[in-house]
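Have a look at the structure below, then the notes.
Atoms within each ligand, like the ligands themselves, are counted from 1 in listed order. Position 1 is the first residue of the sequence, and the numbers go up from there.
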Amino acid sequence: MTYTLLFATSNADKVREMRGLLSAIPFTIITLAEIGLEIDVEEPYTTFAENAAHKASVYAAAAHIPALADDSGLIIDAMPDELGVYSARFCGYSTPYPARFQKIAEKLAAIPEEKRTARYWCALALHIPQTGKVYLTEGSIEGMIVLEPRGVYGFGYDPIFYIPEFHATLAELTPEIKAQISHRGVAAFKMAEILRNPEILG
Ligand code: IMP
């Protein structure tokens, strides 16, 4: 038996990654674009978990099917108030990433290299309208910010997110490797455990 799960995001990069990450579950993943659901949902909270739960609940109520939402972002320790849950909005939603990298490089130029620490964080929330329950999983990955972008894979801030263990930025690692180590990969692995049990549908 296959069930339907709405992945409630308009971010095509997240859709591509999540389809790969959640391929072995008894749910067919559909997107907002595929069902023509166009509602603007705010991200009003200061934690990824609260924003993800909010998005999942609003979309599940609108679509009347289980909804999964991702709230994620880049936390740069030397710029504590600027990215994080506001990563998509940093410099303005429509600002191209190369311009954002430049802004970050200007801010970090005065910071010693070893203090350019950062992490990606991902919260996934699953809202089941049949039961009213919300399931939450989270994942993170530690790294350093480099001032020169490198690599062609991934999306968003990946070209400046360097992982010392791999001697590479996330944009230099293939999607298969990113899936195994990334914040979204870790959160999705835990969510897949929950989604493998259709009893959650009530
Ligand atoms: P939101 O979850 O829609 O608020 O947006 C998350 C934002 O964080 C994205 O638009 C990216 O700027 C950034 N982000 C989250 N995950 C990743 C990732 O895996 N790679 C690169 N950037 C990411």
Contact between [X] and ligand 1, counting heavy atoms under 4.0 Å?
| X | result |
| --- | --- |
| Leu74 | no |
| Gly154 | no |
| Tyr97 | yes |

Closer than 4.0 Å to some heavy atom of [X] - which atoms of ligand 1 meet that?
| X | answer |
| --- | --- |
| Lys14 | 1 (P), 2 (O), 3 (O), 5 (O) |
| Glu43 | 1 (P), 3 (O), 4 (O) |
| Lys178 | 18 (C), 19 (O), 20 (N) |

Inspect the contact between [Y] and [X] and indicate whether a charged nitrogen and a carboxylate oxygen are less than 4.0 angstrom apart.
| X | Y | answer |
| --- | --- | --- |
| Arg19 | Glu34 | yes |
| Lys190 | Glu138 | no |
| Arg116 | Asp77 | no |
| Lys55 | Glu42 | no |

Identify the two heavy atoms, one from Leu124 and one from Ala52, that lie closest to each other, and give their separation to 0.1 Å.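 Reported closest heavy-atom pair: C-CB, 4.5 Å.
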Tell me, which protein residue and heavy-atom name are nearest [atom], and how many Å apart are they?
| atom | value |
| --- | --- |
| atom 20 (N) of ligand 1 | Asp158 OD1, 2.7 Å |
| atom 18 (C) of ligand 1 | Phe155 CZ, 3.4 Å |
| atom 5 (O) of ligand 1 | Ala88 CB, 3.6 Å |
| atom 16 (N) of ligand 1 | Arg184 NH2, 2.9 Å |
| atom 14 (N) of ligand 1 | Tyr120 CE2, 4.1 Å |

Go through the steps for Asn11 and Thr9 under the test side-chain hydrogen bond (donor to acceptor under 3.5 Å, both in side chains), then give the verdict. CA-CA 5 Å; Asn11 182 325; Thr9 183; 5.2 Å; no
If I apply the N/O under 3.5 Å rule, does His183 come out as touching ligand 1?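 His183 vs ligand 1: N/O contact under 3.5 Å present.
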Give yes or no for whether the N/O distance cutoff of 3.5 Å, strictly under, is met between Ser72 and ligand 1.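 Min N/O separation from ligand 1 is below 3.5 Å for Ser72.
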With heavy atoms only and a cut-off of under 4.0 Å, state how Phe90 meets ligand 1: side chain, backbone, both or neither.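 The answer is neither.
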Tyr120 vs Asp158, test: side-chain hydrogen bond (donor to acceptor under 3.5 Å, both in side chains). Steps then yes/no. CA-CA 10 Å; Tyr120 270 127; Asp158 287 349; 2.8 Å; yes
Does Tyr93 have Arg89 sitting over its ring (NZ/CZ under 6.0 Å from centre, angle to axis within 45°)?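 That pair does not qualify as a cation-pi contact.
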Heavy atoms of other groups near Phe155 CZ, more than 12 under 6.0 Å: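 For Phe155, atom CZ is crowded (more than 12 foreign heavy atoms under 6.0 Å).
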